[in-house]
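Step one of this worksheet: look at the structure below.
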2 protein chains.
Amino acid sequence: MGRRVSKHPKEMALLKEHLGKHQLKYTRQRELILDAFLKQEHITAEELYHQLSRKDPHLGLATIYRTLNLFCEAGLAQARHFGSQTQYDNVSHKGHHDHLICTECGKIVEFENCDIERLQEEVAARNGFVIKTHRLELYGLCPRCQH
Amino acid sequence: MGRRVSKHPKEMALLKEHLGKHQLKYTRQRELILDAFLKQEHITAEELYHQLSRKDPHLGLATIYRTLNLFCEAGLAQARHFGSQTQYDNVSHKGHHDHLICTECGKIVEFENCDIERLQEEVAARNGFVIKTHRLELYGLCPRCQH
DNA sequence: TTGAAATTGATAACCCATTTCAACTAAACG
DNA sequence: CGTTTAGTTGAAATGGGTTATCAATTTCAA
């Protein structure tokens with residue numbers, strides 16, 4: 001069943017590269033958290049903590065937070081404040097995606113739009129900025145909530 | 001010196017309309033906070049608290065938070081999580097504006113882009129949504145922080 | 001294998017924001 | 001005008017998410 005072979009070789013390599021460059025170590029916890037994290041579109045530290053709570057080495061919540069922040073620094077994840085919590089988005093899964101949010105029922109639809117991304121680059125360039133990430137959220141009413 | 005005449009009659013009217021509709025009262029604190037808030041492009045509760053700490057009736061921090069949230073409900077402000085704090089944007093000041101934010105020094109540049117807004121409407125329409133507001137933030141490095 | 005340096009996990013500490021509650025006011029009513 | 005009623009205030013306690021602390025453990029280069 002290949003239980004020792006990572007299902008995410010590309011991301012694993014990225015992480016190891018980052019670790020190497022910063023004198024950080026490759027640990028069993030980091031591998032476990034990476035594998036679990038990459039299965040999601042986006043997740044909170046708390047959710048990941050519960051998902052992994054039955055695993056072999058019991059992972060502390062602090063380790064989850066530390067590791068997710070590490071992933072952000074390594075470019076594998078992207079933090080996004082949503083409500084009172086922080087969502088960690090899986091960057092490598094399918095590129096960047098934005099959100100369409102219903103203010104009535106909370107429904108969230110994800111979307112991507114290259115044209116918007118291109119215009120964003122233009123705006124940034126015009127102001128001398130180099131964009132690393134962005135966040136676009138559209139708030140309104142979903143079809144069901146328009147009465 | 002016209003000290004009893006509000007410098008923001010339009011927003012004041014909007015607030016009073018909201019208060020009336022919800023059986024809320026018009027208080028000296030709310031007037032003070034509104035006047036101070038409208039002078040800013042965006043501000044945190046803490047900053048506003050310090051700005052107003054010398055005023056006649058000493059305003060509690062809890063009141064600042066409550067009132068800023070009230071402004072959000074009345075459509076005068078818009079909350080935005082930035083770093084660990086919440087920024088309250090002045091919506092009425094000059095229409096909607098988006099942000100270009102330097103992740104290194106925190107510098108914020110505001111911009112508007114009609115083309116992006118139009119594309120947003122298209123995306124929303126395609127998903128059956130009716131947009132009420134939106135939020136677009138571009139994170140990156142400002143000219144000075146690119147070394 | 002050994003030793004230096006990083007990591008972990010439990011928990012305490014932090015910080016921003018909200019809730020609580022008794023005293024206080026706005027404003028509707030008599 | 002007073003009275004009354006219901007919303008508001010401020011100080012302090014509380015809450016929830018995230019980070020810091022630190023002794024024990026683990027990684028990895030030599």
Side-chain angles (χ1 to χ4, degrees), chain A residues 12 15-34 36-37 42-74 77-89, chain B residues 4 12 15-34 36-37 42-74 77-89 106:
Chain A
M12 184 71 74
L15 176 61
K16 284 187 176 173
E17 185 188 330
H18 180 83
L19 295 177
K21 280 186 186 164
H22 296 79
Q23 290 135 270
L24 303 175
K25 293 173 177 174
Y26 183 72
T27 65
R28 181 144 166 61
Q29 284 87 342
R30 283 174 178 165
E31 180 179 1
L32 274 175
I33 295 172
L34 181 63
F37 173 69
H42 44 71
I43 194 168
T44 64
E46 208 86 30
E47 285 166 359
L48 203 47
Y49 176 67
H50 285 115
Q51 274 191 24
L52 293 170
S53 60
R54 298 159 181 278
K55 287 280 180 179
D56 184 8
H58 180 69
L59 296 158
L61 186 53
T63 301
I64 306 279
Y65 275 107
R66 279 187 292 234
T67 306
L68 284 173
N69 287 335
L70 173 71
F71 291 172
C72 288
E73 283 156 25
Q78 188 177 319
R80 176 171 51 91
H81 296 287
F82 190 63
S84 62
Q85 285 185 274
T86 301
Q87 290 276 346
Y88 291 86
D89 291 359
Chain B
R4 303 213 172 276
M12 185 70 75
L15 176 61
K16 284 187 175 173
E17 185 188 330
H18 179 83
L19 295 176
K21 280 186 186 165
H22 296 78
Q23 290 135 269
L24 303 175
K25 293 174 177 174
Y26 184 72
T27 65
R28 183 145 165 59
Q29 284 88 340
R30 284 172 178 166
E31 179 178 1
L32 274 174
I33 295 172
L34 181 64
F37 173 70
H42 43 72
I43 195 168
T44 65
E46 207 86 29
E47 285 166 359
L48 204 46
Y49 176 67
H50 284 115
Q51 274 190 24
L52 292 170
S53 61
R54 299 160 179 277
K55 288 279 181 179
D56 185 6
H58 181 68
L59 295 158
L61 187 52
T63 302
I64 306 278
Y65 275 107
R66 280 187 290 236
T67 306
L68 285 173
N69 287 336
L70 173 70
F71 291 172
C72 288
E73 283 156 26
Q78 188 175 321
R80 175 171 52 92
H81 296 288
F82 184 60
S84 61
Q85 284 185 274
T86 301
Q87 290 276 345
Y88 291 86
D89 292 357

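In what follows, chains carry the letters A, B, and so on, assigned in the order in which the sequence lines appear, proteins first and then strands, with residues in each chain numbered from 1.
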Of Leu48(A), Thr44(A), Ile43(A), which is the lone residue that meets side-chain contact (heavy atoms from CB on, under 4.5 Å) with Ile64(A)? Leu48(A)
Below 4.0 angstrom from OP1 or OP2 of [N], is there any side-chain N or O of [X]?
X        : N       : answer
Thr27(A) : dT8(C)  : yes
Gln29(A) : dG9(C)  : yes
Thr86(B) : dA17(C) : yes
Arg28(B) : dT25(C) : no

I need the [atom1]-[atom2] distance between [X] and [N], as an integer number of Å.
X        : N       : atom1 : atom2 : answer
His50(A) : dG17(D) : NE2   : P     : 10 Å
Leu19(B) : dG7(D)  : CG    : P     : 13 Å
Leu48(B) : dA17(C) : CG    : P     : 12 Å
Leu15(B) : dA26(C) : CG    : C1'   : 14 Å
Lys21(A) : dA6(C)  : NZ    : P     : 19 Å
Glu31(A) : dT27(D) : CD    : C1'   : 14 Å
Leu24(B) : dT9(D)  : CG    : C1'   : 14 Å
Glu47(A) : dT18(D) : CD    : P     : 11 Å

Of the nucleotides dA6(C), dG9(C), dA6(D), which one has an atom closest to the side chain of Lys25(B)? dA6(D)
Return the nearest nucleotide to the side chain of Arg30(A); candidates are dA17(C), dA27(C), dT8(C). dT8(C)
Begin from the C-alpha positions of Thr67(B) and Phe37(B) and carry the test side chain to side chain contact (heavy atoms under 4.5 Å, CB included) through to its verdict. CA-CA 10 Å; Thr67(B) 306; Phe37(B) 173 70; over 6 Å; no
Should His42(A) and Gln78(A) be marked as a side chain to side chain contact (heavy atoms under 4.5 Å, CB included) after you check the CA-CA gap, both sets of side-chain angles, and the distance that decides it? CA-CA 9 Å; His42(A) 44 71; Gln78(A) 188 177 319; over 6 Å; no
Geometric class of the His81(B)/His81(A) ring pair [parallel <30°, tilted 30-60°, perpendicular >60°]: tilted
Working note: Leu68(A) + Thr86(A), criterion side chain to side chain contact (heavy atoms under 4.5 Å, CB included); need CA distance, chi angles, decisive distance, verdict. CA-CA 11 Å; Leu68(A) 284 173; Thr86(A) 301; over 6 Å; no
Looking at every strand, decide which applies to Glu46(B) at a 4.0 Å heavy-atom threshold: base, sugar-phosphate, or nothing. nothing
Let's see if you get this right: which residues in residues 59-67 of chain A place a heavy atom under 4.0 Å from DNA chain D? Ala62(A), Tyr65(A), Arg66(A)
Are Thr63(A) and Arg30(A) packed together at the side-chain level, in the sense that at least one heavy-atom pair is separated by less than 4.5 angstrom? no
Determine whether Glu47(B) and Tyr88(B) make a side-chain contact, defined as any pair of heavy atoms from C-beta on separated by less than 4.5 Å. no
Please give the nucleotide sitting opposite dA30(D) as a Watson-Crick or G-U wobble pair, both distances under 3.5 Å, or none. dT1(C)
